[in-house]
Amino acid sequence: GQQVMQIPQYQHVQEGEDFTTYCNSSTTLSNIQWYKQRPGGHPVFLIQLVKSGEVKKQKRLTFQFGEAKKNSSLHITATQTTDVGTYFCAAVTGRDDKIIFGKGTRLHILP
Amino acid sequence: KAGVTQTPRYLIKTRGQQVTLSCSPISGHRSVSWYQQTPGQGLQFLFEYFSETQRNKGNFPGRFSGRQFSNSRSEMNVSTLELGDSALYLCASSSVGAGGRDTEAFFGQGTRLTVV
């Protein structure tokens with residue numbers, strides 16, 4: 001079945017360093033979504049990418065959708081302690097509209 | 001607008017028992033999905049209901065079942081509980097966007113189930 005691979009599983013960075021998480025699908029996606037889950041909280045929607053090669057920015061966060069619509073990345077510039085949490089990508093296929101979540105990347109910020 | 005409400009928030013059950021979890025979606029949302037979250041496995045998709053019909057199903061045993069009512073509220077049932085069923089169970093609702101595709105998912109706070 002459809003697979004969504006997200007790497008890395010864990011990432012420790014010093015505060016102020018950059019961070020990137022990658023999401024790869026075995027099939028072409030109709031769109032991809034990104035969510036953030038703070039420790040003890042529930043996933044919260046960040047953004048949705050629909051177009052091939054799309055790039056969107058939210059302050060220090062940059063989201064990219066690959067040209068082939070099979071991969072995506074989330075890049076955080078100059079991390080802050082408020083960025084701590086797990087970042088999930090969620091792939092939406094065109095066939096059955098199923099939303100498939102990656103396993104997430106847990107970001108830990110070292111002060 | 002009220003968010004997604006899950007009840008109960010916490011639950012402790014004994015092996016072999018059964019449990020029913022409830023989810024009230026955001027008003028107007030007809031799609032409700034259930035996920036199991038454990039530390040090692042991330043978010044595992046259980047099933048999705050849309051207009052009282054199961055639209056998609058994950059790879060969980062038949063002990064896991066669900067249903068959706070006409071008001072879009074959904075319940076999830078787990079029978080013959082096993083220790084490994086201990087997890088955070090999250091419900092997410094979404095509306096149907098253009099072309100029939102779901103928009104973003106709004107998650108509830110989850111039900112933390114502990115099986116002892």
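A note on names: the letters A, B, ... follow the listed sequences, proteins ahead of strands, and every chain is numbered from 1.
In the hydrophobic clustering of this structure, F47(B) does not group with F50(B); members are Ile, Leu, Val, Met, Phe, Trp, Tyr whose side-chain heavy atoms approach within less than 4.5 Å, directly or through other members.
Proximity to chain A (any heavy atom under 4.5 Å) is restricted, for L90(B), to the side chain, taken from C-beta onward. Within the 4.5 angstrom heavy-atom criterion, only side-chain atoms of Q37(B), from C-beta onward, approach chain A. Only the side chain of Y35(B) has a heavy atom closer than 4.5 Å to any heavy atom of chain A. Only the side chain of Q9(A) has a heavy atom closer than 4.5 Å to any heavy atom of chain B.
Surrounding CZ of R15(B) are at most 12 heavy atoms belonging to other residues, nucleotides or ligands under 6.0 Å away. With a 6.0 Å radius and a threshold of 12 heavy atoms from other residues, nucleotides or ligands, K57(B) has its NZ atom above the threshold. Applying the 6.0 Å contact sphere to CD1 of I12(B) captures no more than 12 heavy atoms from other residues, nucleotides or ligands. Sparse packing is recorded around CG of N59(B), with 12 or fewer heavy atoms of other residues, nucleotides or ligands lying under 6.0 Å away.
If you look at F107(B) and F101(A), their ring centroids are closer than 6.0 Å.
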